[in-house]
Amino acid sequence: QVQLVESGGGVVQAGGSLSLSCAASGRTFSNYAMGWFRQAPGKEREFVAYINWSGGSTEYADSVKGRFTISRDNAKNTVYLQMNSLKPEDTAVYYCAAAGSSGTSYYSSASAYYYWGQGTQVTVSS
């Protein structure tokens, strides 16, 4: 089992920045690729960003590319999501998730992830 706890959400004005963290415990963190997803009210959960076990491979949704950066620190068992130039449409609950392997080509699919955090609310005001 892997336990994931997100933090860093909050309220920010459009154009501002937030940094999310996801602390993992349980099994060896570096064994898992990690992802960030988000879900806005009334919408499906959607992929945001992915990072493989080493941090050497990252992927982003088109809607956040160039504004968000995913990173990880395996020594601290933590994955991060730096969010810049935030827009009102970025408002959602953000979830981190651990994939079933150290890397996956199905990174944008929620079904590739076995463990999920409880989520943290991000609200961007206009």
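Note that these values count all heavy atoms, side chains included, but never hydrogens, waters or copies made by symmetry.
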*Asks:* Distance-only, no hydrogens or angles: does the R72 side chain make a donor-acceptor pair with backbone N or O of F29 under 3.5 Å?
*Replies:*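 Flag set: sc R72 to bb F29 pair under 3.5 Å.
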
*Asks:* What do you reckon, are the aromatic ring centroids of Y32 and Y114 less than 6.0 Å apart?
*Replies:*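 No, the ring of Y32 stays outside the 6.0 Å limit from the ring of Y114, centre to centre.
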
*Asks:* With S109, which residues qualify under side chain to side chain donor-acceptor pair (under 3.5 Å), at least two apart?
*Replies:*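 For S109 the side chain to side chain donor-acceptor pair (under 3.5 Å) partners, ignoring immediate neighbours, are S111.
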
*Asks:* If you link I, L, V, M, F, W and Y whenever their side-chain heavy atoms are under 4.5 Å apart, who else ends up in the same group as Y80?
*Replies:*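 Members besides Y80: none; it forms no cluster.
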
*Asks:* Work out which heavy atom in Q39 is nearest to a heavy atom in K43; give both atom names and the distance.
*Replies:*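 The answer is NE2-O, 3.1 Å.
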
*Asks:* Is there a path of hydrophobic side-chain contacts, each under 4.5 Å between heavy atoms of I/L/V/M/F/W/Y residues, joining L18 to V93?
*Replies:*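 Shared cluster, no.
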
*Asks:* Tell me which pairs pass side chain to side chain donor-acceptor pair (under 3.5 Å) where either residue lies in residues 84-95, with sequence neighbours left out.
*Replies:*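 Sorted pair list: S17-N84, R38-D90, R38-Y94, R67-D90, Q82-N84.
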
*Asks:* Residues two or more places apart in sequence or in another chain: which of them pass salt bridge (Lys or Arg N to Asp or Glu O under 4.0 Å) with K65?
*Replies:*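 K65: salt bridge (Lys or Arg N to Asp or Glu O under 4.0 Å) contacts with D62.
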
*Asks:* Using every non-hydrogen atom in the two residues, find where A23 and T78 come nearest and quote the distance to one decimal.
*Replies:*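 Between these two residues, the closest heavy atoms are CA-OG1, 4.2 Å.
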
*Asks:* Compare all side-chain heavy atoms of V48 with those of Y60 and state whether any distance is below 4.5 angstrom.
*Replies:*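 No, too far: nothing below the 4.5 Å cut-off.
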
*Asks:* Show me the pairs that pass salt bridge (charged side-chain N to carboxylate O under 4.0 Å, His left out) and involve residues 95-119, at least two apart or across chains.
*Replies:*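 Listed once each, the pairs would be none.
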
*Asks:* Which residues pass the side-chain contact (heavy atoms from CB on, under 4.5 Å) test with S54, not counting sequence neighbours?
*Replies:*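 S54: side-chain contact (heavy atoms from CB on, under 4.5 Å) contacts with N52.
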
*Asks:* Go through the steps to decide whether V79 and W36 satisfy the test side-chain contact (heavy atoms from CB on, under 4.5 Å), and finish with yes or no.
*Replies:* CA-CA 9 Å; V79 63; W36 284 96; 3.9 Å; yes

*Asks:* Got a donor-acceptor contact below 3.5 angstrom from the E6 side chain to the Q118 backbone?
*Replies:*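 Looks like yes, one N/O pair under 3.5 Å.
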
*Asks:* Roughly how far, to the nearest 0.5 Å, is the OG atom of S57 from the CD1 atom of I51?
*Replies:*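 Reported value, rounded in 0.5 Å steps: 8.5 Å.
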
*Asks:* Tell me the closest heavy-atom pair linking N77 and N74, and the distance in Å.
*Replies:*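 Scanning both residues completely, I find the closest heavy atoms to be OD1-O, 3.1 Å.
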
*Asks:* Is it possible for you to say whether I70 and V2 belong to one hydrophobic cluster, with membership spreading through side-chain heavy-atom contacts below 4.5 Å?
*Replies:*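 Yes; tracing contacts between hydrophobic side chains, which count when under 4.5 Å, links both residues.
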
*Asks:* Would you mind writing out the side-chain donor-acceptor pairs for residues 119-126 within the sub-3.5 Å range, not counting sequence neighbours?
*Replies:*
unit_1, atom_1, unit_2, atom_2, d
T120, OG1, G9, N, 3.2
Q121, NE2, A92, O, 3.4
Q121, NE2, T123, OG1, 3.3

*Asks:* Using the test side-chain contact (heavy atoms from CB on, under 4.5 Å), find all partners of T28 that sit at least two apart in sequence or belong to another chain.
*Replies:*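 Scan of T28 (side-chain contact (heavy atoms from CB on, under 4.5 Å), adjacent residues dropped) gives S30, N31.
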
*Asks:* Does NZ or CZ of R27 lie under 6.0 Å from the centre of the six-membered ring of Y115, at an angle within 45° of the ring axis?
*Replies:*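 No, R27 does not sit over the ring of Y115.
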
*Asks:* List in chain and number order the residues that pass ring-ring contact (aromatic ring centres under 6.0 Å, His included) with W53, two or more places apart in sequence or in another chain; answer none if no residue qualifies.
*Replies:*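 By the ring-ring contact (aromatic ring centres under 6.0 Å, His included) rule, W53 matches no residue at all.
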
*Asks:* Taking all non-hydrogen atoms of both residues into account, name the closest pair between P88 and A14 and its distance.
*Replies:*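 Smallest heavy-atom distance, with atoms named: CD-CB, 4.1 Å.
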
*Asks:* What pairs with S105 under side chain to side chain donor-acceptor pair (under 3.5 Å), at least two apart in sequence or on another chain?
*Replies:*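 In terms of side chain to side chain donor-acceptor pair (under 3.5 Å), with neighbours along the sequence ignored, S105 is linked to no residue.
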
*Asks:* Say whether L81 and L4 are linked into one hydrophobic cluster, either directly or through other cluster members, by side-chain heavy-atom distances under 4.5 angstrom.
*Replies:*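 Per the 4.5 Å side-chain linkage, L81 and L4 are co-clustered.
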
*Asks:* Going from CE on M34 to SG on C96, what distance comes out if it is rounded to the nearest 0.5 angstrom?
*Replies:*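 Atom-to-atom, M34:CE and C96:SG are 4.5 Å apart.
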
*Asks:* Can you name the residues that form a ring-ring contact (aromatic ring centres under 6.0 Å, His included) with Y107, not counting sequence neighbours?
*Replies:*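 F47, Y50.
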
*Asks:* At their closest point, which heavy atom of S101 faces which heavy atom of T104, and how far apart are they?
*Replies:*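 Closest approach of S101 to T104, heavy atoms only: OG-CB, 4.1 Å.
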
*Asks:* First locate atom CZ of F68, then atom OG1 of T58, and finally report the distance between them rounded to the nearest 0.5 Å.
*Replies:*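 With rounding to 0.5 Å, CZ (F68) is 14.5 Å from OG1 (T58).
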
*Asks:* Please write out which residues are connected to V11 in a hydrophobic cluster, directly or through intermediates, given that two of Ile, Leu, Val, Met, Phe, Trp, Tyr count as joined at side-chain heavy-atom separations below 4.5 angstrom.
*Replies:*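 Members other than V11 - counting any ILVMFWY side chain reachable under 4.5 Å - there are none.
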
